[in-house]
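In what follows, every heavy atom counts, from backbone to side chain, and hydrogens, waters and symmetry copies are set aside. In each ligand, atom 1 is the first atom listed, and ligand 1 is the first ligand listed.
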Amino acid sequence: MDIGKDTLLWMYERMRLIRQFEERLHEDFAAGKIPGFVHLYAGEEAVAVGACANLRIDDFITSTHRGHGHCIAKGVAIREMMAEIYGKSDGACKGKGGSMHIADVDKGMLGANGIVGGGPPLACGAGLSAKSRGTDQVTLCFFGDGASNQGTTAEAQNLAGIWKLPIVFICENNRYAETTSTDYSVSGRDIAARARGFGMPSVAVDGQDVFSIYEAVREAVARARRGDGPSFIEAQTYRYFGHFEGDTIKYRTKDEEAYFRGRDCIQRFRDAVLEQGLVTEPGLAEIDARTANIIEDAAIFAQQSPLPEPETTLGDVYVSYPAAQLWPFREPALAGR
Ligand SMILES: Cc1ncc(C[n+]2csc(CCOP(=O)(O)OP(=O)(O)O)c2C)c(N)n1
Ligand SMILES: [Mg+2]
């Protein structure tokens with residue numbers, strides 16, 4: 001396995017953090033402690049973690065309504081995420097965004113959002129910005145199978161293709177868009193094949209295998225950094241919980257759920273690294289204990305944080321950029337197309 005030990009341990013820690021974060025939210029939401037809508041990412045951890053393991057802090061990601069895993073994989077602070085989801089003033093967006101609007105631009109996390117297909121055009125903006133400024137920053141664009149049917153996603157792939165933008169499109173095909181199965185909603189069934197029509201390399205990979213995701217994204221990120229343009233990866237995965245917390249899940253069978261839980265990304269990671277002697281059982285147990293503490297600490301932090309003051313409601317609606325940040329752009333913006 002061509003992955004350094006530090007990266008392996010980081011992958012395990014991040015996947016455990018996401019799983020424990022989501023399981024904690026599942027409990028706290030059921031107990032009535034969390035306001036608003038919550039869409040959980042548990043089951044899909046390998047996608048965000050395997051992908052973001054290839055990034056630098058100054059790279060960008062765009063996200064979806066199911067964004068906690070993307071945030072954690074890109075390094076957003078767990079305490080601030082938890083407080084944001086609780087709607088508290090110490091949250092990543094001062095408690096005004098909630099689960100579906102966590103953003104941390106300093107970490108390159110350009111924001112979760114509630115618009116299905118909202119991320120791909122945003123990724124084009126980030127990609128065009130990097131290209132215009134002459135940096136080698138890469139943008140990973142996460143979106144779902146449902147979003148793959150949106151016009152915005154097709155338009156973004158086309159723009160990224162003609163402008164050779166440094167973007168990796170990552171479709172998280174978890175087989176459902178709300179209650180609708182991809183068997184019904186995806187014409188032609190093959191999401192990865194569609195991207196080839198835009199002239200970019202595209203592969204479908206096992207999204208419950210962190211190593212497969214890591215390898216596929218590594219190649220795509222290298223291509224983007226070289227200036228060779230976008231790539232597309234369809235990650236075939238599964239969400240363990242309902243579409244949103246409160247979903248009665250009438251649209252899939254228990255057998256199907258058991259099948260995918262039997263292919264759990266964290267368990268498979270453990271089996272692989274232990275069998276190959278890359279990490280020891282106590283080494284993994286130490287990470288389990290540490291991540292459990294981080295989640296417990298974050299939940300207490302969120303519960304103790306005050307609610308935002310009503311008079312702050314209209315603050316932070318628009319961003320003011322100092323003129324110096326906007327100009328000069330490096331010209332020509334699209335040289336080398
Ligand atoms: C433009 C738009 N249309 C419809 C919705 C309602 N909606 C919210 S999530 C969702 C399903 C998205 O499915 P997918 O892209 O596969 O993501 P997943 O929830 O499976 O992660 C829909 C239809 C929306 N938020 N935005
Ligand atoms: Mg889906």
Exam field: side chain Y41 to backbone E44, donor-acceptor pair closer than 3.5 Å: yes
Residue selection (non-hydrogen contact nearest atom 23 (C) of ligand 1) among E178, H243, R239: E178
Atom indices of ligand 1, in the order listed, that fall short of 4.0 Å to a heavy atom of N174: 18 (P), 20 (O), 21 (O)
Numbering as shown, the atoms of ligand 1 that approach Q150 to under 4.0 Å (heavy-atom distance): 1 (C)
Neighbour count >12 (heavy atoms, 6.0 Å) for atom CG, D6: no
Polar side-chain atom of T248 near backbone of K250 as donor-acceptor pair, under 3.5 Å: no
Ligand-residue contact atoms, ligand 1 with D145, heavy atoms, under 4.0 Å: 15 (O), 16 (O)
Ionic contact status for R16 with D288, cut-off 4.0 Å: yes
Salt-bridge present (R261, E257; N to O < 4.0 Å): no
2.8 Å cut-off met by an N, O or S atom of N174 to the Mg ion (ligand 2): yes
Atom indices of ligand 1 within 4.0 angstrom of A177 heavy atoms, with elements: 11 (C), 13 (O), 16 (O)
N or O contact, Y176 vs ligand 1, cut-off under 3.5 Å: yes
Atoms in ligand 1 with a heavy atom of R66 nearer than 4.0 Å: 18 (P), 19 (O), 21 (O)
Salt bridge flag under 4.0 Å for residues E45 and R14: no
Main-chain N/O of P166 paired with K131 side-chain donor or acceptor, under 3.5 Å: no
Shortest protein heavy-atom distance from atom 4 (C) of ligand 1, along with the residue and atom involved: V116 CG2, 4.4 Å
Lys/Arg-Asp/Glu bridge criterion (N-O < 4.0 Å) met for K107, D59: no
Protein contact to atom 14 (P) of ligand 1 [nearest heavy atom, distance to 0.1 Å]: G146 N, 3.4 Å
Heteroatom N/O/S of T182 within less than 2.8 Å of the Mg ion (ligand 2): no
Minimum-distance protein heavy atom relative to atom 25 (N) of ligand 1: G114 O, 2.7 Å
Any donor-acceptor N/O pair, T237 side chain to N173 backbone, under 3.5 Å: no
Taking atom 15 (O) of ligand 1 as the reference point, the nearest protein heavy atom with its distance: A147 N, 2.9 Å
Ligand 1 to I115 polar contact by distance, N or O atoms, under 3.5 Å: no
Among E172, H39, H65, closest by any non-hydrogen atom to atom 17 (O) of ligand 1: H65
salt_bridge(E84, K96) N-O dist < 4.0 Å: no
Closest D145 atom to the Mg ion (ligand 2) [N, O or S only]: OD1
